[in-house]
Amino acid sequence: MLTAFDKSLLNIIQTDLSFEKRPFALVAKKLETTEAIVIERLKFLKEQGFIRRIGPFFDSTKLGYIGTLVALEVKEECLAQVAGVINSYYGVTHNYEREADLNLWFTLLSPNLLKQDEILETIRNLDGVVRLLNLPATQKFKVSVQFSLT
């Protein structure tokens, strides 16, 4: 159960986390508490699954990366193993199981097409992969999402 403090903390870190040497000290000041308490609560919220990750978002295109969305049809008994291999790649940002023939979807950032093709070919040849559909990004849309916790 989220406390009122937790909700205030989560509201702040979603959009107002400074790029500073000690950003949680600034958050603590806003919440009239200590940096140690902020860090302790964030660790707790991560352990409980309320937070998946705290970190910056980069414009991958400006950094020279190319992105693609990939849909796979994977035999049910091989899903966990295939997902594990996919998750081992540094450029995988999302990986989701779906209820459909194409039952595993992931996004991949690569430094170039050659590296992307190499990774996708390796995945295509994994045991249990029936079909791989590569859906390269042609236009990028960025939606800013903030969850207001009250």
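Quick note: numbers below take in every heavy atom, side chains included, and nothing from hydrogens, waters or symmetry partners.
Contact annotation: the side chain of T3 approaches that of D6 to within less than 4.5 Å [non-hydrogen atoms, C-beta and beyond]. Side-chain contact between I66 and Q116: present, with at least one pair of heavy atoms (C-beta onward) separated by less than 4.5 Å. In this structure the side chain of D101 reaches within 4.5 angstrom of the side chain of R131, judged on heavy atoms. With contacts defined as side-chain heavy-atom distances shorter than 4.5 Å, the pair L72/F106 qualifies. Between P111 and Y65 the shortest side-chain heavy-atom distance falls below 4.5 Å. At least one side-chain heavy atom of N103 sits under 4.5 Å from a side-chain heavy atom of E76. I119 is listed as a side-chain neighbour of L108, based on a closest heavy-atom distance under 4.5 Å. In this structure the side chain of K75 never reaches within 4.5 angstrom of the side chain of Q81, judged on heavy atoms.
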Could you walk me through whether N11 and S8 pass the side-chain hydrogen bond (donor to acceptor under 3.5 Å, both in side chains) test, one step at a time?
CA-CA 5 Å; N11 283 333; S8 295; 5.5 Å; no

Determine whether I39 and T34 satisfy the following criterion, side-chain contact (heavy atoms from CB on, under 4.5 Å), listing intermediate values before the conclusion.
CA-CA 9 Å; I39 292 169; T34 66; over 6 Å; no

Between T107 and V92, is the side-chain contact (heavy atoms from CB on, under 4.5 Å) condition met? List the steps.
CA-CA 6 Å; T107 55; V92 172; 5.7 Å; no

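The 12-atom threshold is not exceeded at CG of D127, counting heavy atoms of other residues, nucleotides or ligands nearer than 6.0 Å. Shown here is K30, whose NZ atom has more than 12 heavy atoms of other residues, nucleotides or ligands within 6.0 Å.
Distance CD/E118 to CG/L113: 12.5 Å, rounded to 0.5 Å. Between the CD1 atom of I86 and the NE2 atom of H94 there is a distance of 14.5 Å, given to the nearest 0.5 Å. In this structure, CG on N134 lies 8.5 Å from CG on L69, to the nearest 0.5 angstrom. Note that the CD1 atom of I37 and the CG atom of L9 stand 11.0 Å from one another [nearest 0.5 Å]. One distance of note links CG of L42 with CZ of F24; it measures 5.5 Å at 0.5 Å rounding. Remark: E35 CD to L26 CG distance equals 9.0 Å, nearest 0.5 Å.
By the rule that hydrophobic residues join a cluster once side-chain heavy atoms approach within less than 4.5 Å of another member, I13 and L45 end up as members of one cluster. Residue V82 is not grouped with residue V130 when hydrophobic side chains (ILVMFWY) are merged at heavy-atom distances under 4.5 angstrom, including chains of intermediate members. Note on V129: it clusters hydrophobically with L79, by side-chain heavy-atom contacts below 4.5 Å among ILVMFWY residues. Put simply, L31 and F50 are part of the same group of oily side chains (I, L, V, M, F, W, Y) that touch within less than 4.5 Å, one to the next. Residues L104 and L133 do not share a hydrophobic cluster, defined by chaining ILVMFWY side chains whose heavy atoms lie under 4.5 Å apart.
Salt-bridge annotation for R124 and E121: present, with a side-chain N of the basic residue lying under 4.0 Å from a carboxylate O of the acidic one.
K46 and R52 get closest at one heavy-atom pair: CE-O, 3.5 Å. Minimum interatomic distance between N95 and A83 (heavy atoms only, all atoms of both residues): ND2-O, 3.5 Å. In terms of heavy atoms, Q14 sits closest to L10 at CG-O, 3.1 Å. Annotation for S18 and P23: closest pair O-CB, 3.2 Å, computed over non-hydrogen atoms. Closest non-hydrogen pair, L109 versus G67, comes out as CD2-CA, 3.8 Å.
Between V70 and the choices I123, L135, L120, the side chain to side chain contact (heavy atoms under 4.5 Å, CB included) rule is met once, by L120.
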